[in-house]
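Data block below; observations after.
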Amino acid sequence: MPRVRFAPSPTGYLHIGSARTFIFNWLYARKNNGTMILRLDDTDIERNTQVSIDSIFDGLKWLGLSWDEYYRQSERLDLHKEMAERILAAGFAYRDFTPAQTEEEKQEDSGPWLFHPGMRELTSEESDARAAAGEPFVLRFRVPRGENKAVKFKDSVFGDQYKKADEIEDFALLRSNGMPTYHMASCADDVDLKIDHIIRGQDHLTNTFKHVLIFEALGGVKPKFAHLPLLIAPDGAKLSKRKHGPVVSVTTYRDAGFLPQAYINFLCLLGWSPKNNREQMSRQELIDAFTFGGVNRSNAVVNFSEADPIDPKAQWLNGQHLRTVGLEELLPMVRARIEAEGLAIPEERFGLIVETIRARYTSLHDFAVKGRPYFADDFAMEEAAGERLDEPEARPLLRELGARVEGSAEFTEASVEKILRDLSAERDVKPGVLINGSRAALTGQAVGPSAFHLFMAMGRERSVARLKGV
RNA sequence: GGCGCUAUCGUCUAGUGGUUAGGACGGGGCCCUCUCAAGGCCCAGGCAGGAGUUCAAUUCUCCUUAGCGCUACCA
């Protein structure tokens, strides 16, 4: 049974790239009856914020993504330090007493930096003595040198990877303040939590060689790896809040009226393909279809622009889900939107209204904005709709239609249609005048659902009132 | 600079030596029709460049170019 983890560092809102990484971990876990672990990599106390943690939970909750175990790295520091000590004791690490370098000093060094001279060779007696004397040091991994050793691992997405150990620098495990670095903390936790498949962004691909070294030093079983292509902006740069704004935050899509399953669907299609031309897929279909073989190796562009901040394909997918999802699932989401606008829901016709208008909308937001006439009486009369009402004879005829609908025994699509067509024949006007006029009167919009559907969605009382009020 | 990864329509992608290079979004058009959507049909649009290997390269190899990543006592 696989154990996988999503390990965000809470230094900002939930990034869509992070959300996608969670989703791929989750798909893999759910497909293989595995365990999904949420681990907050919050060792960078300077940059961690509660706001960020809340944002991560908010985003995941909205997407309906669940996990089975939860940890915070900041509560596991003793474990990290203990494992670092173990690596030191086993001779795979050494203390580096070189004072921290400034930026300028680093710049001066041309060529690759591998280690500080003299530090690898310190005897354990001298090292212990200087440490005991309180001299600050960084604990570094003693990367094998001059042995022509290759570090290798198999990536489920990128295939076999290897790198000469001689090209890997002696990276830090423990900082001079005793705190573990990301590499140390992450690997220690992965070992302790028995993670057996690490699924993360491709930005970690080259870090993995270091991690393999740590795993080997720790003597544990080396996990498998799967690196995911990165999400980038149309300009090729990686998505960043500073540069690209709210398009990188998951909550933006929630607020824009996305269905969570549609957004998950969209994110999955960025860098992964079921290879059978399927596009619209439910959560379960995604779980069933997921394999690492379907993961692409090149970065995927999230296609947004200043004018259109939402990727058109995401928008389309949302529309697809919107019109095919079961009403029992959709109604609560629409309800929340409508009520957030302070509008009243005609309970007896709610389902009918949503059925009537959903095919025309692409976001939940549309129900409260474009759909306002269905839930409120104070809606705007669009110019094009006004023109329909200004057709010769239109207003008096519509008022008459209202009176007849009010007085008729039946109120069904068929009965309204009969009344309307009889009236148009009687007065010798084209039915279109009344049909389009009704739509304009009922919704203030020149375009929309079939007029007779509209009567049913609006109900008799509201329809009559609006017709008589033209 | 060094090391690594990547490169198919504008975008997301299918494709692992022989295909009219397929699908989707977006764009254009037609049909349907009480309008608008939805739906159906059609059109335009692509293998980064150059060498090689081969009877045959989008596909394999190399080079170039471009993008991205890593190169911290950040994660």
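The figures here come from the full heavy-atom set of this structure, side chains too, leaving out hydrogens, waters and symmetry mates. In what follows, chains are A, B, ... by sequence order, proteins preceding strands, each numbered from 1.
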message = Distance criterion of 3.5 Å, no angle test: do you see the side chain of A:Glu279 paired donor-to-acceptor with the base of B:rG23?
response = yes
ask   = Does any donor-acceptor pair link the side chain of A:Lys313 with the base of B:rA24 at a separation under 3.5 Å?
value = yes
task = Would you please confirm or rule out a distance under 4.0 Å between OP1 or OP2 of B:rU13 and any side-chain N or O of A:Arg297?
result =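 No, outside the criterion.
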ask   = Does A:Arg47 place a side-chain N or O at less than 4.0 Å from the phosphate oxygens OP1/OP2 of B:rC74?
value = no
inquiry  = Using only atom types and a distance under 3.5 Å, with no angle test, would you say the side chain of A:Asp311 pairs donor to acceptor with the backbone of A:Asn303?
reply    = yes
inquiry  = My understanding is that only residues two or more places apart in sequence, or in another chain, count here; which of them pass side-chain contact (heavy atoms from CB on, under 4.5 Å) with A:Arg395?
reply    =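 If we apply the side-chain contact (heavy atoms from CB on, under 4.5 Å) test to A:Arg395, skipping adjacent residues, the hits are A:Leu389, A:Asp390, A:Arg399, A:Val470.
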key: Min side-chain heavy-atom separation A:Glu279-A:Gln320 under 4.5 Å   = no
Enumerate donor-acceptor pairs with a distance under 3.5 Å from any side-chain N or O in residues 439-455 of chain A to protein atoms, sequence neighbours excluded.
from: A:Arg439; atom 1: NE; to: A:Pro449; atom 2: O; distance (Å): 2.9
from: A:Arg439; atom 1: NH1; to: A:Asn436; atom 2: OD1; distance (Å): 3.0
from: A:Arg439; atom 1: NH2; to: A:Pro449; atom 2: O; distance (Å): 3.3
from: A:Thr443; atom 1: OG1; to: A:Arg439; atom 2: O; distance (Å): 2.7
from: A:Thr443; atom 1: OG1; to: A:Gln445; atom 2: N; distance (Å): 3.0
from: A:Thr443; atom 1: OG1; to: A:Gln445; atom 2: O; distance (Å): 3.4
from: A:Gln445; atom 1: NE2; to: A:Lys370; atom 2: O; distance (Å): 2.9
from: A:His453; atom 1: NE2; to: A:Glu413; atom 2: OE1; distance (Å): 3.4

What nitrogen or oxygen pairs link the protein and nucleotides 59-68 of chain B at under 3.5 Å?
from: B:rC68; atom 1: O2'; to: A:Asn299; atom 2: ND2; distance (Å): 3.3

Opposite nucleotide pairing with [N], Watson-Crick or G-U, both atom distances under 3.5 Å:
N	value
B:rC74	none
B:rG4	B:rC68
B:rG52	B:rC60
B:rA14	none
B:rA44	none
B:rA21	none
B:rG39	B:rC31

ask   = Taking protein heavy atoms under 4.0 Å as touching, what does nucleotides 16-22 of chain B look like 5' to 3' if B marks base contact, S marks sugar-phosphate-only contact and - marks none?
value = ------B
query = What one-letter contact string describes nucleotides 32-41 of chain B from 5' to 3', where B marks a base within less than 4.0 Å of any protein heavy atom, S marks contact via sugar-phosphate atoms alone, and - marks no contact?
reply = --BBBBSS--
To the nearest Å, how far apart are [X] [atom1] and [N] [atom2]?
X	N	atom1	atom2	answer
A:Lys275	B:rU13	NZ	P	11 Å
A:Phe158	B:rC70	CZ	P	13 Å
A:Leu317	B:rG26	CG	C1'	13 Å

remark   = Sequence neighbours excluded, the answer for salt bridge (charged side-chain N to carboxylate O under 4.0 Å, His left out) partners of A:Arg297 is none
query = Quick one: salt bridge (charged side-chain N to carboxylate O under 4.0 Å, His left out) partners of A:Asp128, sequence neighbours excluded?
reply =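 A:Asp128: salt bridge (charged side-chain N to carboxylate O under 4.0 Å, His left out) contacts with A:Arg95.
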ask   = Looking at residues 180-187 of chain A, who's got a heavy atom less than 4.0 Å off RNA chain B?
value =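 Output list: A:Thr181, A:Tyr182, A:His183.
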key: Within residues 203-215 of chain A: residues closer than 4.0 Å to RNA chain B (heavy atoms)   = A:Asp203, A:His204, A:Leu205, A:Thr206, A:Asn207, A:Lys210
ask   = Parallel under 30°, tilted from 30 to 60°, perpendicular over 60°: which one fits the rings of A:Trp67 and A:Phe57?
value =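 Tilted, since the angle between the ring planes falls between 30° and 60°.
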query = How are the rings of A:His211 and A:His204 set to each other: parallel, tilted or perpendicular (split at 30° and 60°)?
reply =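 Geometry flag for A:His204 against A:His211: tilted rings.
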Residues A:His80 and A:Thr43: side-chain donor-acceptor under 3.5 angstrom = no
ask   = What residue pairs, at least two apart or across chains, pass side chain to side chain donor-acceptor pair (under 3.5 Å) with a residue in residues 351-360 of chain A?
value = A:Glu355-A:Arg358
message = Show me the pairs that pass side chain to side chain donor-acceptor pair (under 3.5 Å) and involve residues 9-21 of chain A, at least two apart or across chains.
response = none
query = Are A:Glu426 and A:Arg404 within salt-bridge range, i.e. N to O under 4.0 Å?
reply =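 Salt bridge: yes.
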Salt bridge present between A:Lys210 and A:Glu169 (N-O < 4.0 angstrom) = yes
message = Between B:rC47 and B:rC36, how many Å separate the two P atoms, rounded to a whole number?
response = 37 Å
Partner set under ring-ring contact (aromatic ring centres under 6.0 Å, His included) for A:Tyr374, not counting sequence neighbours =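 A:Tyr374: no ring-ring contact (aromatic ring centres under 6.0 Å, His included) contacts found.
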message = Side chain of A:Glu169, heavy atoms from C-beta onward: which of B:rC3, B:rU71, B:rC73 has the nearest atom to it?
response =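 Of B:rC3, B:rU71, B:rC73, B:rU71 is nearest to the side chain of A:Glu169.
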ask   = So, A:Phe141 versus A:His183, ring centres under 6.0 angstrom or not?
value =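 That pair fails the under 6.0 Å test.
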